[in-house]
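Numbers here simply count residues along the sequence, with the first being 1. As the structure lists them, so they are numbered: ligands from 1, and atoms in each ligand from 1.
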Amino acid sequence: MRIAVYPGSFDPITNGHLDIIERAAQLYDEVVVGVAENIRKSPLFSLKDRIRFAGNALAHLKNVRIESFNCLLVEFARRHDAHSIIKGLRAVSDFEHEFQMAQLNRKLDPSIETMFMMASPEYVYLSSSAVKEIAEYGGCLEGLVPPEVEEGLQKSFSR
Ligand code: ADP
């Protein structure tokens, strides 16, 4: 079985994340989406909401599972028998940080390979922080996030 983990904070999941996961699901027998429990910046959405949004948006992919994690990424990968960590790259600015993380993870466990997938052109400018900012100021989120996430964002900013 070729198993990969795809980690992130997914606060919230965007169509850019979904594009990477859908493409990874064609390359691997199983993709485990790892939703980070503790993220440094305080998240807008609870862990439960972040998992629910991801689960509903990915329900059509039978070889994709959503799990939360609160440990080293290589440990999370080992627990799921994964030998690949998938990372999405949008711009050169993503590269520097991801390159460092990949080297560190290789040092921690040389049997786990980080695989980079380039963002599709239509999602290169998309990030979770950008969609939160657009929602905060009442901008249009169509095509950027799944409908349930759009509703969730509108609710959180209408309070
Ligand atoms: P963000 O960087 O949007 O806050 P995460 O921390 O949840 O999101 O990122 C999880 C992974 O998804 C990272 O590998 C990140 O580079 C990747 N990613 C985020 N947005 C996109 C996108 N629009 N296209 C491709 N990959 C993306």
Side-chain angles (χ1 to χ4, degrees), residues 3-28 30-58 61 64-77 80 82-106 108-109 112-137 139-150 152-153 156-157:
I3 304 172
V5 293
Y6 177 59
S9 36
F10 305 110
D11 183 40
I13 198 155
T14 69
N15 289 352
H17 296 130
L18 294 174
D19 176 59
I20 296 281
I21 298 165
E22 281 171 3
R23 286 158 54 200
Q26 293 183 4
L27 300 172
Y28 288 88
E30 187 168 39
V31 176
V32 183
V33 177
V35 183
E37 276 184 38
N38 282 332
I39 53 181
R40 272 173 226 261
K41 296 172 278 179
S42 53
L44 175 66
F45 293 105
S46 67
L47 178 66
K48 212 171 128 208
D49 282 346
R50 289 183 279 136
I51 290 177
R52 180 167 49 87
F53 290 149
N56 290 340
L58 292 161
L61 296 176
V64 173
R65 279 192 291 132
I66 322 292
E67 301 280 347
S68 62
F69 75 104
N70 195 8
C71 60
L72 279 177
L73 181 54
V74 288
E75 176 56 31
F76 177 67
H80 292 282
H83 289 278
S84 303
I85 294 170
I86 307 273
K87 290 296 186 100
L89 284 183
R90 285 161 290 193
V92 184
S93 50
D94 276 346
F95 177 81
E96 201 168 315
H97 174 70
E98 294 297 352
F99 182 71
Q100 186 188 2
M101 294 306 296
Q103 300 301 339
L104 272 172
N105 285 329
R106 185 199 295 273
L108 293 172
D109 190 334
I112 299 174
E113 195 69 52
T114 302
M115 305 293 288
F116 292 103
M117 295 180 64
M118 302 309 293
S120 295
E122 61 269 43
Y123 301 126
V124 159
Y125 300 104
L126 189 51
S127 69
S128 297
S129 357
V131 299
K132 284 182 276 195
E133 200 166 326
I134 295 170
E136 188 172 357
Y137 295 107
C140 175
L141 291 165
E142 207 189 312
L144 303 183
V145 291
E148 188 187 21
V149 172
E150 188 173 342
L153 281 164
S156 356
F157 288 109

- Item | Approximate separation, where rounding is to 0.5 Å, of N70 CG and E75 CD | 12.0 Å
- Task: Apply salt bridge (charged side-chain N to carboxylate O under 4.0 Å, His left out) to K87 and D94, showing your working.
- Result: CA-CA 10 Å; K87 290 296 186 100; D94 276 346; over 6 Å; no
- Message: Take a 6.0 Å sphere around CE of M115 and say whether it holds more than 12 heavy atoms from other residues, nucleotides or ligands.
- Response: no
- Side chain, backbone, both or neither: which part of L126 comes within less than 4.0 Å of ligand 1 when only heavy atoms are counted? both
- Give yes if a backbone or side-chain nitrogen or oxygen of Y123 is under 3.5 Å from a nitrogen or oxygen of ligand 1, and no if not. yes
- Taking only heavy atoms of S127, which atoms of ligand 1 are found under 4.0 Å from at least one of them? 3 (O)
- Task: Kindly say whether P43 contributes a backbone atom to a donor-acceptor pair with the side chain of D11 at under 3.5 angstrom?
- Result: no
- Check for a donor-acceptor pair, side chain of S128 on one end and backbone N or O of P12 on the other, with a separation under 3.5 Å. yes
- atom 3 (O) of ligand 1: nearest protein contact (heavy atom, Å): S128 N, 3.1 Å
- Per-atom filter on ligand 1: closer than 4.0 angstrom to a heavy atom of K87 are 14 (O)
- Item | Polar proximity ligand 1 side, G88 side, N/O cut 3.5 Å exclusive | yes
- For D109 and V74, indicate whether the former's side chain and the latter's backbone hold a donor-acceptor pair under 3.5 Å. no
- E133 CD: over 12 foreign heavy atoms closer than 6.0 Å: no
- Query: Can you list the ligand 1 atoms lying under 4.0 Å from a non-hydrogen atom of A119?
  - Reply: 24 (N), 25 (C)
- Note on the structure: Checking heavy atoms under 4.0 Å, the part of P7 that sits near ligand 1 is backbone
- Mode of R90 contact toward ligand 1 - side chain, backbone, both, neither (heavy atoms, under 4.0 Å): side chain
- Message: I need the atoms of ligand 1 closer than 4.0 Å to a non-hydrogen atom of S9, numbered in the order shown.
- Response: 5 (P), 6 (O), 7 (O)
- Query: Can you tell me the protein heavy atom closest to atom 9 (O) of ligand 1 and the distance?
  - Reply: H17 NE2, 3.6 Å
- Under 3.5 Å between some N or O of ligand 1 and some N or O of Y6? yes
- Atoms of ligand 1 close to F10 [distance to a heavy atom under 4.0 angstrom, numbered from 1]: 7 (O)
- Task: Please say whether T14 places an N or O atom under 3.5 Å from an N or O atom belonging to ligand 1.
- Result: no
- Item | R106 atom CZ: more than 12 heavy-atom contacts under 6.0 Å | no
- Query: For E30, does its backbone N or O pair with a side-chain atom of R65 as donor and acceptor, under 3.5 Å?
  - Reply: no
- Item | Those atoms of ligand 1 less than 4.0 Å from some heavy atom in G8 | 7 (O), 10 (C)
- Within 6.0 Å of OH in Y125, more than 12 heavy atoms from elsewhere: no
